[in-house]
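Values reported hereafter were calculated over all heavy atoms of this structure, with side chains retained and with hydrogens, waters and symmetry mates removed. Chain letters run A, B, ... following the sequence lines, proteins first and then strands; every chain starts at 1.
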2 protein chains.
Amino acid sequence: MSGPPTAGTRPDEVRRHNRTALLRRLHVGGPCTRAELAAELGLNRSTIKALVDGLADAGVVVEQVSAKRTGAGRPSLLVLPQPRSLWVLAVDVGVEQTTVAAVGFGGEVLGTRGWTLPRGTGSPDDLLAKIGTACRRLAERIGSEPVGVGVSVPGVVRRDGFVHEAPNLHWEGVPVGERLAAALHRPVLVGNDAELGALAEHTRGVATEAADMVFVSVDVGVGGGVISERAALRGSGGYVGELGHMVVRPGGRPCYCGCQGCWETEIGEDALCRALGLPEGSPREAVVGELRALAGEPQAALSRLREFTDWLGLGLINVVNLLGPQLVVLGDLLAALPDAVVDEAAETVRERSLVSRAVGGIRIVASPLGKEAKIIGAAELAFQQALAG
Amino acid sequence: MSGPPTAGTRPDEVRRHNRTALLRRLHVGGPCTRAELAAELGLNRSTIKALVDGLADAGVVVEQVSAKRTGAGRPSLLVLPQPRSLWVLAVDVGVEQTTVAAVGFGGEVLGTRGWTLPRGTGSPDDLLAKIGTACRRLAERIGSEPVGVGVSVPGVVRRDGFVHEAPNLHWEGVPVGERLAAALHRPVLVGNDAELGALAEHTRGVATEAADMVFVSVDVGVGGGVISERAALRGSGGYVGELGHMVVRPGGRPCYCGCQGCWETEIGEDALCRALGLPEGSPREAVVGELRALAGEPQAALSRLREFTDWLGLGLINVVNLLGPQLVVLGDLLAALPDAVVDEAAETVRERSLVSRAVGGIRIVASPLGKEAKIIGAAELAFQQALAG
């Protein structure tokens, strides 16, 4: 049953709505002329002028005479976002490495800090304190306060920033959002790393045109993020789906989750190490190095990664049959796979997935953002809220 | 990137929005007083009066003095939906049986027609002609025209009513929506049977309170419908997910879809027949009869359906881990399973699904609507559009 109807829209709500749309256009699409803004947003030029003037007064944009000329009249003014006027902190809590970045309005990275910790060492307390310090240092260097904070965590994250479980960090029940918000005196939004990878690819990557897409990534574990009709898909309690814990090989290797033969045990980082003949838990550079070495040798790549490719393809058939995306983006460690492996898994899906056949073929591609996707997604999560405010 | 902003809302749009909300409230929730309508919809009493007066003039509702008294003042008038004032045709194309029903505003069934055909016999042309005739007969008996037509098909259905594939009907590429619309001169909406089962359970069944739910049903094949944040989940091109074609047993029985060991080959009707010691393709009554006989014998049920129960539980773990619903409803033939089997599969999910543990336990229940779910869903699909118009 649909809820109660909304009341009529008030003029100040329309103004705010239009301002948010304009800010998002500039943030995602970059500088453009007032005429382009009017055309793209479907607003008249006087409305655009009033909005841009307001933002220019606040120092959020500046206007310049454009070099482009489109007619005989005066050249349209070019509107440029000012990165330092509105900026956010983005945090990527990785299994081995944590990165904190200051990201400006328009997407420019204003500064970063990062550090490496051996896997499974470091308590949440220590890490959150370290993140807090790094965030404050970045703010001091920029000389102003961020408008928001976005955090990526490789775990089961609730919409309110509570991390139920982050097995590869050995975290359980950590209220990350609440703790960082108290330390930074700023609104903090927390997302699952693959969910934020999906947001990054949908906002600034290869999936900007895909209304329905799935992002599958490997960073030790296997995660997934789903965009459905241009919005993030979330289940009850705000938890996103855990694609890595789909059982694909009943009776297979035991997984920490309580099942056997999860997709994670078959295509996670350990499985990739085994396929490549590396010890499980090898440093990331070693794994990526082996994969890069196979890039120019498709036959060798397919033969060494035969079983891995089969499990990748099988899991993707399931993902596509259940969720029906038009595009699947393979992220993080999967973005380093040799093309021959990605192409073969994609071919398997096109041949054997009923849903792929129905929609006329689903595209499966490696992420162009690679391991940056998570921190870009964390920044975009913060900007989504900040630009709407 | 978000699209262009909407313009301000016009007064006539607000009125239409409010009328739709009021019609949906009466259709789904049944008769209630003007005061209840005002409270539930968050509208003032004069707005409700104007809307109800308009609907009463059109014959869509009548008002009666309510027996209920809530205060010292005049009793509030009770508003009753008039079933024959606004009615729809609902069609359930089943593998063995086709049913056509006339369903009135408020949900009352005004008449039905149905027939049985041996599996796989009958061309789409013949069946669509027969459905057209049955629809016209029902309209003649009621003496007015339906405001819409909803059709349930057990297959891969696109949003525009094109059936890409309905393997158990042996249909391929049938424009069901277009053909019936031409025959009936009425708007026709077509949905996948499990998608409509989900809609029925969410509107009138056990899932009215569940914002995120999954409906899994067996009618020969295995289908699934997903409601996410109170809306139907659809993939690209408007195709819904095909839960039955998730591979759960690699190397298992070949499925017509091109994979082996699909969930459908392990828990579809044939698998149930094998588990019960019946020949594959046994009549539906025989299968249901065997299941009913096991209802009072939990130990016998679990032992005869041991393997079936394991595959049911395993597939449900995957569905829950990928989609994170709060409730899973088992429909159609699965609704006839002995309680012991459903309870054991539910227990497996609660123990072994990471996502179930995160949200504090997911409920898995048999559908109370049973095999009626599909035709109720088809009617509700037609009403969704008709009441919004």
Side-chain angles (χ1 to χ4, degrees), chain A residues 1-2 4-9 11 14 17-18 20-21 24-25 28-29 40-43 156 158 164-165 203 208 211-212 224 228-229 233-237 239-243 245-250 257-259 314 317-319 321-326 351-355 358-360, chain B residues 1-2 4-9 11 14 17-18 20-21 24-25 28-29 40-43 156 158 164-165 203 208 211-212 224 228-229 233-237 239-243 245-250 257-259 314 317-319 321-326 351-355 358-360:
Chain A
M1 232 186 115
S2 56
T6 54
T9 307
V14 173
H17 182 95
N18 290 344
T20 297
R24 279 205 66 75
R25 166 61 187 79
V28 176
E40 288 182 31
L41 301 181
L43 294 171
V156 184
R158 206 165 57 192
H164 175 78
E165 198 172 351
T203 312
T208 53
D212 302 286
S228 173
E229 301 189 45
L233 181 70
R234 278 175 167 276
S236 57
Y239 288 107
V240 289
E242 287 286 337
L243 270 57
H245 298 283
M246 162 175 69
V247 176
V248 291
R249 189 180 196 170
C257 78
C259 293
L314 184 85
I317 288 174
N318 286 359
V319 165
N321 280 351
L322 262 75
L323 297 164
Q326 63 206 99
E351 269 173 19
R352 285 165 52 200
S353 157
L354 182 73
V355 170
V359 304
Chain B
M1 229 184 117
S2 55
T6 54
T9 308
V14 173
H17 182 96
N18 290 344
T20 297
R24 278 206 66 76
R25 165 61 188 81
V28 176
E40 288 182 31
L41 301 181
L43 294 171
V156 184
R158 208 164 57 192
H164 175 77
E165 199 171 350
T203 312
T208 54
D212 302 286
S228 173
E229 302 188 46
L233 181 69
R234 279 178 168 273
S236 57
Y239 287 107
V240 290
E242 286 287 335
L243 271 59
H245 298 283
M246 162 174 71
V247 176
V248 292
R249 189 180 198 171
C257 79
C259 294
L314 184 86
I317 289 175
N318 286 359
V319 165
N321 280 352
L322 262 76
L323 297 164
Q326 64 205 99
E351 269 174 19
R352 285 166 53 201
S353 158
L354 182 75
V355 170
V359 304

message: Ignoring hydrogens, what is the shortest heavy-atom contact between Leu323(B) and Leu233(A)? Give both atom names and the distance.
response: CD2-CD2, 4.5 Å

- line: In terms of heavy-atom pairs under 4.5 Å with chain A, the winner among Pro250(B), Ser353(B), Gly360(B) is Pro250(B)

field: chain A contacts, top residue of Val247(B), Val319(B), Val248(B), Val359(B) (heavy-atom pairs, under 4.5 Å)
entry: Val247(B)

CA sep, side-chain torsions, deciding dist, call: Leu354(A), Val156(B), side chain to side chain contact (heavy atoms under 4.5 Å, CB included): CA-CA 9 Å; Leu354(A) 182 73; Val156(B) 184; 4.1 Å; yes

Residue [X] versus chain B: region with a heavy atom under 4.5 Å:
X: Ala211(A); result: neither
X: Glu165(A); result: side chain
X: Val355(A); result: side chain

Drop me the distance from [X]'s [atom1] to [Y]'s [atom2], to the nearest 0.5 angstrom.
X: Asn321(A); Y: Cys259(B); atom1: CG; atom2: SG; value: 6.5 Å
X: Glu229(B); Y: Ser228(A); atom1: CD; atom2: OG; value: 10.0 Å
X: Glu242(A); Y: Leu322(B); atom1: CD; atom2: CG; value: 9.5 Å

message: If we define contacts as heavy-atom pairs under 4.5 Å, which of Gly258(A), Gly224(A), Gly324(A), Pro325(A) has the most with chain B?
response: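 Of the candidates given, the most pairs with chain B belong to Gly324(A).
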
- prompt: chain A heavy atoms under 4.5 Å from Leu314(B): which part of the residue, side chain, backbone, both or neither?
  reply: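 Looking at Leu314(B), just its side chain touches chain A.
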
- request: Kindly write out the residues that satisfy side chain to side chain contact (heavy atoms under 4.5 Å, CB included) with Glu351(A), not counting sequence neighbours, or none if the list is empty.
  value: Glu347(A)

message: Arg352(A): which residues meet the side chain to side chain donor-acceptor pair (under 3.5 Å) condition with it, sequence neighbours left out?
response: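 Side chain to side chain donor-acceptor pair (under 3.5 Å) check on Arg352(A) returns nothing, list empty.
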
